[in-house]
Amino acid sequence: MDTTMTKAEIEDKMVEDEFQTLVDAYLASKHRKKVDVITKAFNFAKHAHKGVRRLSGEPYIMHPIAVAKIVCIEIGLGSTSICAALLHDVVEDTEYTVEDMENMFGPKVAQIVDGLTKISGGIFGDHASAQAENFKKLLLTMSDDIRVILIKIADRLHNMRTLGSQAVNKQYKIAGETLYIYAPLANRLGLNSIKTELEDLSFKFEHPDQYEDISHKLQMSQSERDSAFDTFAAPIRTALDQLGLTYEIKQRVKSPYSIWRKMQTKHIPFEEIYDILAVRIIFDPVSPETELNDCFNIYVKLCQIYTSHPDRTRDWVSHPKANGYQALHVTLMSKKGEWIEVQIRSHRMDDIAEKGFAAHWKYKDGETTETASEMELDKWLATIKEILDDPQPDAMDFLDTIKLNLFASEIFVFTPKGEIRTMPAGSTTLDFAFSIHTFVGSHCIGAKVNHKLVPINYKLNSGDQVEILTSKSVRPTREWLNIATTAKATTKILSIIRKEERELRKKGETLFNEFLQANDIVRDTIVVDKICNLHEFSKPESLFVALGEGSVVLGKDDLESLKEKHAVTGWKKLFFFGKRNKKSDADTKPVIDANFDRKQILVLNEDTVQNRYTLCDCCKPIPGDTVMGYIDNSGHIAIHKLQCPIAVKIKANHGNRVLGARWEMHRTLLFPVTIRVKGFDKLGLLHKMTEVISQLHEINIRKLEVECDGGIFDCTIQMYVHDTKEVDEILASLRDIQDVKETSRI
């Protein structure tokens with residue numbers, strides 16, 4: 001028998017084996033066994049994608065199978081979703097239509113495939129308007145059938161797992177929009193394990209060195225954590241055995257991305273993160289009716305063994321999170337003097353925590369059952385629909401507004417009648433007013449919280465009882481946007497303001513045209529630009545609003561400006577593509593030409609940094625930082641740090657303009673950097689610090705500011721360095737000084 005196989009036969013066997021793994025997983029689930037329709041969808045997709053390959057070189061059909069496996073195994077959906085996952089690229093990439101899908105697989109599968117096709121190519125297109133439109137399509141389809149977004153998240157997860165075959169600029173774009181939209185969406189839908197993996201994969205591709213460093217440190221400290229876990233869990237096991245429950249105790253390790261985020265926000269090294277280890281108790285309740293009591297019985301047992309932290313107990317059992325999450329969290333002091341968080345949840349709660357809303361279907365008693373968390377999902381989708389009803393002209397505004405509600409934790413507040421309402425953590429009185437009704441929100445002047453008078457910017461806490469006070473004379477202002485924190489409130493305020501501004505703009509433009517006609521001046525772009533410049537407005541719309549509300553009145557100065565022959569602004573506009581005078585860095589940087597290869601990796605050396613690219617002031621990148629390039633609207637290339645807040649938005653919203661970049665500096669140029677040092681105030685300490693910087697490292701200090709309060713000093717130092725390695729060496733040397741407790745780069 002000939003044992004040699006051709007490459008095609010090997011690939012066919014690989015595809016069949018993968019599909020069989022999918023079928024086996026489906027058969028092991030509690031869903032109805034509709035293997036025939038899944039096999040039919042697989043054969044159809046295999047034929048449709050025949051001969052097509054992914055960038056990695058493998059047959060394209062491997063991608064739909066992988067997405068279907070995620071849908072089945074990791075999210076827990078049934079045959080309809082598995083079929084839709086297998087067919088999700090057929091309509092977009094082949095000649096087959098949605099009608100063909102409906103004829104062969106029925107209306108439900110066709111509807112889901114159609115929804116996935118409409119939002120294909122990621123949430124975002126190449127232009128801002130397309131970004132907003134595609135995202136709106138996604139959200140509208142999601143409100144029709146939540147399975148569309150669940151399959152889309154599965155599709156993105158597999159794309160992230162295979163992102164290594166993409167060009168660097170594509171990696172930044174895909175990882176950026178994953179962190180910006182997909183991870184928050186997965187979180188909002190309760191897909192905790194998928195959210196964590198999406199974050200870690202994005203982190204891995206954006207900051208590979210930091211990811212490897214944290215992963216290595218986690219691996220090196222594994223045995224130490226195992227020992228701490230065994231010691232901590234031993235008395236808990238004894239206590240739970242006495243309760244007669246079937247249970248398992250697991251250790252949960254903080255993800256690399258979460259650790260890195262904490263290191264960034266708290267400005268601390270890996271060694272100072274003390275909540276890497278958490279413990280999870282998962283049990284089978286005695287009966288469905290005793291599930292809640294069993295949670296609290298375990299809690300009582302734990303508190304008899306260890307001391308609990310009074311401010312870190314969270315009851316998500318009685319009041320589930322908006323994404324369906326249920327558990328009882330308690331933080332206990334171990335015998336080694338470390339705080340360890342323990343999460344208590346039943347197997348049902350654990351399933352919902354990992355698989356989100358999809359897991360609810362598994363536990364339904366009947367078709368009419370509607371859990372509290374599903375009602376929360378409906379409320380959230382209703383909020384999304386309200387936001388979609390108010391058109392947002394700016395795609396970035398629209399995406400930011402939606403994102404406000406994606407990652408929010410919840411608090412519980414009460415109406416004067418005792419009704420409970422779920423609000424995002426950090427919500428203000430104003431947010432609560434808009435959650436009741438737009439009219440109430442738009443006329444809110446304050447509130448009574450727990451019978452005490454508070455302003456509209458008062459931040460609510462769990463358990464507050466809130467009575468909103470209104471006045472018809474009050475109207476929303478742009479200052480309200482700094483107070484509102486929820487998507488609904490922000491959207492409604494913007495909608496009201498924009499409506500008023502449209503009326504003012506119309507009135508102002510009429511006044512502007514009347515002024516020009518009265519003085520026999522023909523309106524054109526140069527005339528409008530001159531008036532805008534004179535009154536320091538960046539765009540005509542702002543000028544017209546100011547004219548409409550009366551804060552600007554056209555007069556003699558405007559006439560004199562218009563009579564000047566060839567005003568500077570006009571010539572600048574006419575000769576934008578000509579040679580520029582060296583007035584600013586932005587002006588001197590060359591504009592890229594049409595043949596520029598957007599897939600290329602930018603090389604940042606002495607010449608390009610000084611003459612070609614702009615290092616952005618928002619994040620002040622220096623050699624050694626992980627950076628990216630961005631082609632701005634003028635065609636210039638700006639360099640941002642990858643974790644810069646502006647870069648995060650750029651990656652998600654203008655991914656087609658993102659470029660990979662690497663440093664090739666030779667320590668000939670100096671770059672400004674600011675560090676922060678904190679510790680105990682002692683005589684001669686400042687002298688020691690400046691000695692370390694100036695003499696030991698031969699660094700020029702540019703500016704130094706010190707504040708002392710209650711024996712604690714807080715010092716910021718601006719200096720010039722060659723690269724991040726030099727900064728790290730200085731910070732390490734400063735940490736070696738006695739009484740210096742914290743050092744970080746700002």
Side-chain angles (χ1 to χ4, degrees), residues 207 209-210 213 260 263-272 584-586 588-589 604-628 638-647 661-709 711-746:
H207 303 279
D209 294 340
Q210 289 95 322
D213 181 51
W260 179 75
M263 288 166 63
Q264 296 294 308
T265 53
K266 302 273 186 182
H267 301 296
I268 54 176
F270 177 89
E271 291 71 25
E272 290 182 25
S584 71
D585 285 346
T588 59
K589 305 295 181 185
L604 308 179
N605 54 34
E606 285 79 354
D607 174 57
T608 55
V609 164
Q610 288 180 297
N611 302 313
R612 291 182 62 79
Y613 312 138
T614 304
L615 301 180
C616 293
D617 280 339
C618 54
C619 53
K620 293 184 169 59
I622 66 173
D625 286 327
T626 311
V627 291
M628 67 173 214
I639 306 299
H640 285 273
K641 285 168 69 174
L642 264 188
Q643 68 265 39
C644 167
I646 292 173
R662 73 171 189 271
W663 298 95
E664 283 190 8
M665 305 294 286
H666 303 94
R667 290 201 163 196
T668 56
L669 296 180
L670 290 168
F671 298 84
V673 72
T674 304
I675 65 169
R676 188 175 186 181
V677 186
K678 295 178 78 175
F680 299 118
D681 186 21
K682 294 290 173 68
L683 188 66
L685 183 59
L686 188 60
H687 174 70
K688 288 178 185 175
M689 287 165 48
T690 55
E691 198 173 50
V692 164
I693 296 170
S694 301
Q695 294 183 23
L696 183 62
H697 291 281
E698 298 182 345
I699 296 296
N700 179 27
I701 295 175
R702 181 185 178 193
K703 186 178 179 183
L704 190 148
E705 293 179 346
V706 184
E707 282 186 23
C708 295
D709 185 19
I712 304 293
F713 82 90
D714 189 341
C715 177
T716 56
I717 305 169
Q718 293 181 20
M719 54 193 180
Y720 287 104
V721 297
H722 292 105
D723 51 32
T724 55
K725 185 181 177 184
E726 208 160 46
V727 178
D728 292 339
E729 288 170 353
I730 292 166
L731 293 178
S733 297
L734 289 171
R735 274 197 295 271
D736 289 339
I737 299 173
Q738 190 178 4
D739 298 317
V740 169
K741 297 303 174 188
E742 294 178 21
T743 63
S744 60
R745 174 182 164 198
I746 300 175

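Just the heavy atoms: all of them, side chains too, but no hydrogens, waters or symmetry mates, feed the values below.
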Seminar exercise, completed: Here the pair of heavy atoms bringing Asp681 nearest to Cys708 is OD2-SG, 3.5 Å
Exercise. Would Lys620 and Val673 count as a side-chain contact (heavy atoms from CB on, under 4.5 Å) if you check the C-alpha gap in whole Å, the side-chain angles of each, and the deciding distance to 0.1 Å?
Worked result: CA-CA 8 Å; Lys620 293 184 169 59; Val673 72; over 6 Å; no
Exercise. Are more than 12 heavy atoms from other residues, nucleotides or ligands located less than 6.0 Å from atom CD of Glu707?
Worked result: no
Exercise. How many angstroms lie between atom OG1 of Thr674 and atom CD of Gln718, to the nearest 0.5 angstrom?
Worked result: 4.0 Å
For this session: Might you work through the salt bridge (charged side-chain N to carboxylate O under 4.0 Å, His left out) test for Asp714 and Arg676, ending with a clear yes or no?
Result: CA-CA 7 Å; Asp714 189 341; Arg676 188 175 186 181; 2.5 Å; yes
For this session: Tell me, with the steps shown, if Val609 and Trp663 meet side-chain contact (heavy atoms from CB on, under 4.5 Å).
Result: CA-CA 10 Å; Val609 164; Trp663 298 95; 4.2 Å; yes
Exercise. Taking everything shown except Glu698 itself, do over 12 heavy atoms lie less than 6.0 Å from its CD?
Worked result: no
Exercise. So Arg745 and Asp625, side-chain contact (heavy atoms from CB on, under 4.5 Å) or not? Walk me through it.
Worked result: CA-CA 12 Å; Arg745 174 182 164 198; Asp625 286 327; 2.8 Å; yes
Exercise. When you check the side-chain N and O atoms of Asn605 and Thr608, is any donor under 3.5 Å from an acceptor?
Worked result: yes
Exercise. Counting distance only, does the side-chain N/O of Thr690 pair as donor-acceptor with the main-chain N or O of His687 below 3.5 Å?
Worked result: yes
Seminar exercise, completed: To the nearest 0.5 Å, atom CG of Asp723 lies from atom CE of Met665 at 9.0 Å
For this session: Find the distance between SG (Cys715) and CD1 (Ile675) and round it off to the nearest 0.5 Å.
Result: 7.5 Å
Exercise. Does atom CG of Asp709 have more than 12 heavy-atom neighbours, drawn from other residues, nucleotides or ligands, at distances under 6.0 Å?
Worked result: no
For this session: Verify side-chain contact (heavy atoms from CB on, under 4.5 Å) between Met689 and Leu704, making sure each step is shown before the conclusion.
Result: CA-CA 11 Å; Met689 287 165 48; Leu704 190 148; 5.9 Å; no
